[in-house]
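Below: the structure, in structure tokens.
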Amino acid sequence: MAKYTREQRQRAVELYVKYECCAADVIRELGYPSKEVLASWIDELAPGERRIRRGPVPGELKRDAVLKVASGELSSREAAEAVGVDSSVVRNWKRQLLGDAKGLMVAKREPERGDSSQQDDPDALRGEIATLRADLERLRAEQRAMEIRLAIMKGAAELVGKEPGADPDNLMYFVKSVFRV
């Protein structure tokens with residue numbers, strides 16, 4: 001520790017706070033110190049500023065954060081702060097849990113006056129979540145069915161566009177390739 005002056009240590013800690021607690025950025029800019037040494041400097045010169053990495057986040061916390069972000073109740077940054085991770089992590093969880101449905105937002109519900117007991121009841125909320133998941137699966141199944149119908153229609157249009165001597169047995173080849181039978 002005596003290798004660096006107090007000013008150098010203070011500069012490193014200031015950059016750490018400036019770069020939103022990213023030790024790698026500080027080390028890249030200054031060329032010193034190691035992550036461990038920087039951590040000790042932060043604890044010494046700016047207690048409480050160091051972001052402490054936690055182990056894996058439990059699945060229930062992930063789902064709760066994603067549900068709050070998807071419903072519009074919280075922003076990804078606010079949900080991330082509540083869980084103790086970066087906002088990009090919450091957005092990745094959302095993509096993983098909700099699939100590739102871009103811009104999927106659950107309608108934000110206004111609580112009815114006098115019916116706050118339903119929001120406080122965990123069983124009612126779990127039931128609502130189960131209903132929403134069932135709806136999501138139903139919509140995904142409908143999407144798959146519509147994609148199949150579209151592929152069949154494209155194939156039929158291709159056959160209709162062929163010359164009068166075209167072989168109708170080609171339709172069966174097309175259907176087998178679409179359904180991978």
Side-chain angles (χ1 to χ4, degrees), residues 1-111 116 118-141 143-144 147 180:
M1 291 245 199
K3 182 177 178 181
Y4 299 100
T5 65
R6 180 153 181 89
E7 291 78 26
Q8 287 175 316
R9 289 185 279 165
Q10 186 64 41
R11 170 88 174 122
V13 171
E14 288 171 1
L15 282 176
Y16 180 81
V17 173
K18 175 185 170 190
Y19 289 141
E20 298 177 353
C21 303
C22 183
D25 288 344
V26 173
I27 295 168
R28 188 177 306 115
E29 181 169 319
L30 296 177
Y32 68 90
S34 67
K35 285 186 179 183
E36 295 80 17
V37 172
L38 179 60
S40 68
W41 292 353
I42 295 165
D43 290 341
E44 174 191 343
L45 300 174
E49 284 293 324
R50 186 163 61 100
R51 183 171 49 185
I52 299 173
R53 188 177 289 179
R54 295 200 246 179
V57 177
E60 189 172 317
L61 279 177
K62 288 181 185 181
R63 285 189 294 277
D64 288 345
V66 168
L67 183 62
K68 288 178 181 178
V69 170
S71 69
E73 185 178 329
L74 295 176
S75 69
S76 60
R77 176 169 288 185
E78 293 167 338
E81 287 174 2
V83 177
V85 296
D86 193 56
S87 60
S88 63
V89 173
V90 173
R91 289 191 296 272
N92 287 337
W93 293 342
K94 182 179 173 187
R95 271 192 293 279
Q96 290 170 356
L97 293 174
L98 298 179
D100 288 335
K102 295 202 184 278
L104 178 65
M105 292 289 286
V106 177
K108 188 174 183 180
R109 294 194 187 124
E110 294 295 325
S116 63
Q118 183 184 10
Q119 289 187 347
D120 295 337
D121 184 19
D123 292 331
L125 291 175
R126 285 188 191 100
E128 188 174 339
I129 290 171
T131 304
L132 290 172
R133 285 191 179 136
D135 287 345
L136 179 62
E137 286 304 314
R138 181 184 51 79
L139 290 171
R140 285 182 178 162
Q143 180 186 7
R144 284 190 295 271
E147 287 172 350
R180 291 179 174 76

Between the side chains of Glu29 and Arg11, is the shortest nitrogen-to-carboxylate-oxygen separation below 4.0 Å, so that they form an ion pair?
yes
Heavy-atom nearest pair, Leu97 first then Val66, reads CD1-CG2, 3.7 Å
Taking every non-hydrogen atom, the tightest pair across Ser87 and Arg77:
CB-CA, 3.8 Å
How many angstroms lie between atom NZ of Lys62 and atom CG of Asn92, to the nearest 0.5 angstrom?
10.5 Å
Atom pair CZ (Arg63) and NZ (Lys68), whose distance is rounded to the nearest 0.5 Å:
13.5 Å
Sequence neighbours left out, what passes salt bridge (charged side-chain N to carboxylate O under 4.0 Å, His left out) with Glu137? Give chain and number order.
Arg140
Would you say Tyr16's side chain and Asp25's backbone share a donor-acceptor pair under 3.5 angstrom?
no
Non-hydrogen side-chain atoms of Leu45 and Arg6 separated by less than 4.5 Å
yes
Is any side-chain heavy atom of Pro122 closer than 4.5 Å to one of Leu125?
no
Salt bridge (charged side-chain N to carboxylate O under 4.0 Å, His left out) partners for Asp43, two or more places apart
Arg50
OG on Ser88 to CH2 on Trp93, rounded to 0.5 Å:
10.0 Å
With sequence neighbours left out, the residues meeting salt bridge (charged side-chain N to carboxylate O under 4.0 Å, His left out) with Asp135 are none
Rounded to the nearest 0.5 Å, how far apart are CG of Leu15 and CD1 of Ile27?
11.5 Å
Taken to the nearest 0.5 Å, the spacing of Arg9 CZ from Ser40 OG works out to 8.5 Å
How many angstroms lie between CG in Leu67 and CD in Glu73, if you round to the nearest 0.5 Å?
7.5 Å
On a heavy-atom basis, which atom in Pro33 and which in Tyr4 lie closest, and how many Å separate them?
CA-OH, 4.4 Å
Considering all heavy atoms of both residues, which atom of Val69 and which atom of Ser75 are nearest to each other, and what is their separation?
CG2-O, 3.9 Å
Quick check: do Tyr32 and Gln8 have side-chain heavy atoms less than 4.5 Å from each other?
yes
Contact between Gln10 and Glu7 at the side-chain level, heavy atoms closer than 4.5 Å - yes or no?
no
